[in-house]
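Read through the structure below, which is laid out as structure tokens, and then see the notes.
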Amino acid sequence: MLNARWFGDGRRSWRLLGLLILAAAVSALAARGASAREAPPLDQVQAVFPAASGVGAMDGDPPAAPVFSDGRLTGYVFSTRDAVASVGYSGRSFDVLVGLDLDGRITGAELLEHNEPVLVIGVAPVALDHFIDRFAGIPAEADARIARRSTAEGGIDGLSGATVSATLMADAILRAARAVAVDRGILPPPASESRLDLDRFEPLDWPALEHQGLVSRLRLTNADIARKLAARGREPAPGPRDLEPEATFVDLWVALATPRMTGANLLGEARHRAMTLDLEPGDHAIVVLARGRYSVKGTGFVRTGVFDRLQVVQGNETIRLTADHHTRLDGLAIAGAPAFRELGWFVIPEASGFDPLQPWQLHLVVQQPATGGDVYLDVTLPVTSPTALLATASPTAPPTDLMGRLRAAAAAPDGPLVVSAGLWLDIWLERWLDIALLVALLTILTQALVFQDALARRQHLYRRFRIGFLLVTLFWLGWTMGAQLSVINVLTFINSLLTDFSWQIFLMEPLIFILWGYVALALLFLGRGVFCGWLCPFGALQELSNKLARRLRVPQLELPFGLNERLWPIKYIIFIGLLAVSLHAMSAATIAAEVEPFKTAINMHFARAWPFVLYALALLAAGLFIERVYCRYVCPLGAALAIPARLSTFRWLKRRPQCGRECRICAVRCPVQAIHPTGEINPNECIYCLDCQVHYHDDHTCPPLIKRRKRREAFAASQATAPATAPEPVAVRR
């Protein structure tokens, strides 16, 4: 018989999951490598190209079949899977047959295959067909953005409840159409233009870097400075006798460090990546290196915040280098570099108007003592962008700003291209307000958990905060934003690891991605309860409805702990079953995952077929009598999160030696019966609601605290009622 403690053993659970995943990986690898499809039959072609009377063979790159009408070429038909390796939110490929005429317009589209969870159940086939039909007549150059609310926002009107899947399909259809149109000469190729190549890299040593012109140098000797002073009619002030005329006064080097070719060679890949990610969009950075007896940085920047000896000049613009945009470098990673006395990373903000493709100069102001007072000399180090940093590419190639580079990185992962450049980032930018509100919500929750003792000691504040947070989770996070995590997310992630994994697919839904990142950290530090107890909209719905039921005096049922403990394994069995099914067929697992009522109750607001609504309502009705009954015994997502729960680092829920021995109040009042009769809290079942901590700090509930309080009250009472003793008379010696 299965025992709940067996499931609490993280090592055994992980071994079982590892064996299942390994078996699926072997099966998935053995099934890969399918060949490109043959030309579709004429009747299928006519569904997307109504005027077709004949179809040729698939050829070209990307592959497409010519379509003929009355013996003349009128367009092409192609598969998104063959053309752009289309992948859906499930991590599995989908395939859409698309027709394209010679004017560059889509004649029609037909969905051939998909494994999208949200589309299998929850979106009516009629709605899905209607969405695909909307592409007829759209130019291949159209925007793939999906309108979230109405067509007035621009883009293509999407699918209710399936915006991410709809966006990925629209993106694949239009990208494939553009690729075929350009390859067949229907659309002209994008115009070429020179740009700064930020991504090209080859390892170079210092001599090679210097030979390719990637660093620029200015060397001045003492004799050079003397000549410059003489040209001004001045002489150097008397100095040490050992200053040889040909000795180095300053040896100044500068390099544009934003491109990898220079920056990564100078600083190393890891450090360069970290520093460039700190740049704002449009910013650039230069590395300044110097040796010799003259300091190019000086000390004035400590007082004024501005480097008064260094300036960047381009055309008529002078760009001052500030301490706020400076990082001191401890050394270089490149082999063969000279020993430098001063090394610095300087950021040139976008607002300065700096263009790295145009010539520029680094001006050095030399303050030199001379007869009759100090003289300021202005020397110039000219810089031009070397050929090694330039590339000729289309405007869709990676731009020079950080935001553009992020879009390019999102669009060009290691593997097949699955999403257009910056599509996921455009979604994030469009939803910046939702993201900001979610980050604020998570920040508030984090503060509450970190300072949970202070919150738990204030019982009334805790009750109000708890109910208020659950209301926000349910109404805003769940019903408004649709950010309900699901076991489907877990299964999709595992399946994507076995196929063509791509982060950008998961980035398509920013709130879900941020929530999963937060939940992953919470699992590492505190366990599964942070999500289940605070961030699950359906869990919030259960708890709030149960609180209302208690107000209405609905009788509550408490299962014996032995039975409760033996019902715990049900959710683990459900999760392992879903995982096994998903490794064989994700579509079947999606159907089986309807054991979760989340889609019905949260994402689709109960607007579904009556069996799904009845099931969700039945679970909520049961929860009126047994609080969070679904969370306790059925939830496969809770089981998936509970498996690594014992790996959590901190144990902040406090217990007393009397817990489970002299007192069982917390165990009896725990809303999910996660406290054993012996007093221990089971981290696999705890939802981290902090209810036990409120009792822990309540001197009217916790017996040890009650005893202390009564002793204090008794002592205070005895002090108050004790008769005042008269002072003894003092004898006065006469």
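Being a predicted model, the structure only gives us computed values, none of them experimental.
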Checklist entry - Minimum heavy-atom separation for Ala64 to Val180, with atom names? => result CB-CG1, 4.0 Å
Next on the checklist: Tell me which one of Leu515, Leu511, Val490, Leu641 satisfies side chain to side chain contact (heavy atoms under 4.5 Å, CB included) with Leu485.
Outcome noted: Leu515
Item to check | salt bridge (charged side-chain N to carboxylate O under 4.0 Å, His left out) partners of Arg219, counting only residues at least two apart | outcome: none
Next on the checklist: Looking at Glu202, I want to see if its CD is surrounded by more than 12 non-hydrogen atoms of other residues, nucleotides or ligands under 6.0 Å.
Outcome noted: yes
Checklist entry - Rounded to the nearest 0.5 Å, how far does CG of Leu209 lie from CG of Leu266? => result 5.5 Å
Next on the checklist: For a 4.5 angstrom cut-off between non-hydrogen side-chain atoms, does Trp652 reach Asp453?
Outcome noted: no
Checklist outcome for this item: Distance col, row Gln314:CD vs Ile348:CD1, nearest 0.5 angstrom, shows 8.5 Å
Item to check | salt bridge (Lys or Arg N to Asp or Glu O under 4.0 Å) contacts touching residues 246-269 (sequence neighbours left out) | outcome: Arg217-Asp251, Asp251-Arg291, Arg260-Glu269, Glu269-Arg273
Checklist entry - How close do Phe301 and Ala323 get, heavy atom to heavy atom, and via which atoms? => result CD1-CB, 4.3 Å
Checklist outcome for this item: Hits for salt bridge (charged side-chain N to carboxylate O under 4.0 Å, His left out) against Asp324, two or more places apart or cross-chain, chain-then-number order -> none
Item to check | Gln368 and Ile225, any side-chain heavy atoms less than 4.5 Å apart | outcome: yes
Item to check | Those residues that, when tested against His363, pass side-chain hydrogen bond (donor to acceptor under 3.5 Å, both in side chains) (two or more places apart) | outcome: Asp378, Thr380
Item to check | Distance (rounded to the nearest 0.5 Å) between Phe201 CZ and Thr262 OG1 | outcome: 10.0 Å
Checklist entry - Do you know the tightest heavy-atom contact between Ile186 and Gly104? => result CG2-N, 3.5 Å
Item to check | side-chain hydrogen bond (donor to acceptor under 3.5 Å, both in side chains): pairs with one or both residues in residues 329-342, sequence neighbours excluded | outcome: Ser295-Glu342, Arg328-Asp330
Checklist entry - Roughly how far, to the nearest 0.5 Å, is the CG atom of Asp434 from the CH2 atom of Trp428? => result 12.0 Å
Checklist entry - Taking the inter-plane angle between the rings of His326 and Phe346 on a 0 to 90° scale, is it parallel (under 30°), tilted (30 to 60°) or perpendicular (over 60°)? => result tilted
Next on the checklist: Working note: Phe513 + Ile435, criterion side-chain contact (heavy atoms from CB on, under 4.5 Å); need CA distance, chi angles, decisive distance, verdict.
Outcome noted: CA-CA 10 Å; Phe513 185 86; Ile435 293 171; over 6 Å; no
Checklist entry - Leu377 versus Leu229: any side-chain heavy-atom pair under 4.5 Å? => result yes
Checklist entry - What heavy-atom pair brings Gly268 and Ala333 nearest, and what distance separates the two atoms? => result N-CB, 3.6 Å
Next on the checklist: Going by side-chain hydrogen bond (donor to acceptor under 3.5 Å, both in side chains), name the pairs with one or both residues in residues 304-313, residues two or more places apart or in two chains.
Outcome noted: Tyr294-Arg309
Item to check | Pairs touching residues 297-306 that satisfy salt bridge (Lys or Arg N to Asp or Glu O under 4.0 Å), sequence neighbours left out | outcome: none
Item to check | Ring geometry between Trp345 and His272 (parallel below 30°, tilted from 30 to 60°, perpendicular above 60°) | outcome: perpendicular
Checklist entry - Are any non-hydrogen side-chain atoms of Leu343 and Val287 less than 4.5 angstrom apart? => result no
Checklist entry - Can you tell if the side chain of Leu310 reaches within under 4.5 Å of the side chain of Leu364, non-hydrogen atoms only? => result yes
Checklist entry - Going through the distances and angles, do Leu332 and Leu267 end up as a side-chain contact (heavy atoms from CB on, under 4.5 Å)? => result CA-CA 5 Å; Leu332 300 178; Leu267 307 180; 4.2 Å; yes
Checklist entry - Which pair of non-hydrogen atoms, one from Phe94 and one from Ala172, has the smallest distance, and what is that distance? => result CZ-CB, 3.7 Å
Checklist entry - Does some side-chain heavy atom of Val366 sit less than 4.5 Å from a side-chain heavy atom of Tyr376? => result no
Name the atoms and distances for all side-chain donor-acceptor pairs under 3.5 Å in residues 436-451, with sequence neighbours left out.
{"unit_1": "Thr443", "atom_1": "OG1", "unit_2": "Val439", "atom_2": "O", "d": "2.7"}
{"unit_1": "Thr446", "atom_1": "OG1", "unit_2": "Leu442", "atom_2": "O", "d": "2.7"}
{"unit_1": "Thr446", "atom_1": "OG1", "unit_2": "Tyr518", "atom_2": "OH", "d": "2.8"}

Next on the checklist: Side chains of Met261 and Asp197, heavy atoms from C-beta outward: is any pair under 4.5 Å?
Outcome noted: no
Next on the checklist: Which residues pass the salt bridge (charged side-chain N to carboxylate O under 4.0 Å, His left out) test with Asp59, not counting sequence neighbours?
Outcome noted: Arg184
Item to check | Distance (rounded to the nearest 0.5 Å) between Leu256 CG and Leu196 CG | outcome: 6.0 Å
Next on the checklist: Is it the case that the side chain of Asp205 and the backbone of Ala335 share a donor-acceptor pair, with hydrogens and angles ignored and the cut-off at 3.5 Å?
Outcome noted: no
Item to check | For Asp224, all residues meeting side-chain hydrogen bond (donor to acceptor under 3.5 Å, both in side chains), sequence neighbours excluded | outcome: Thr221, Arg227
Checklist entry - Do Val254 and Val215 have side-chain heavy atoms sitting under 4.5 Å apart? => result no
Checklist outcome for this item: By side-chain hydrogen bond (donor to acceptor under 3.5 Å, both in side chains), Thr80 pairs with (sequence neighbours left out) Ser86
Item to check | Nearest atoms (heavy-atom pairs only) where Pro203 meets Asn265 | outcome: CA-OD1, 3.5 Å
Checklist entry - Taking only residues two or more places apart in sequence or in another chain, which ones pass salt bridge (charged side-chain N to carboxylate O under 4.0 Å, His left out) with Arg320? => result none
Checklist entry - Quick one: CH2 on Trp253 to CG on Leu289, what's the gap to the nearest 0.5 Å? => result 9.0 Å
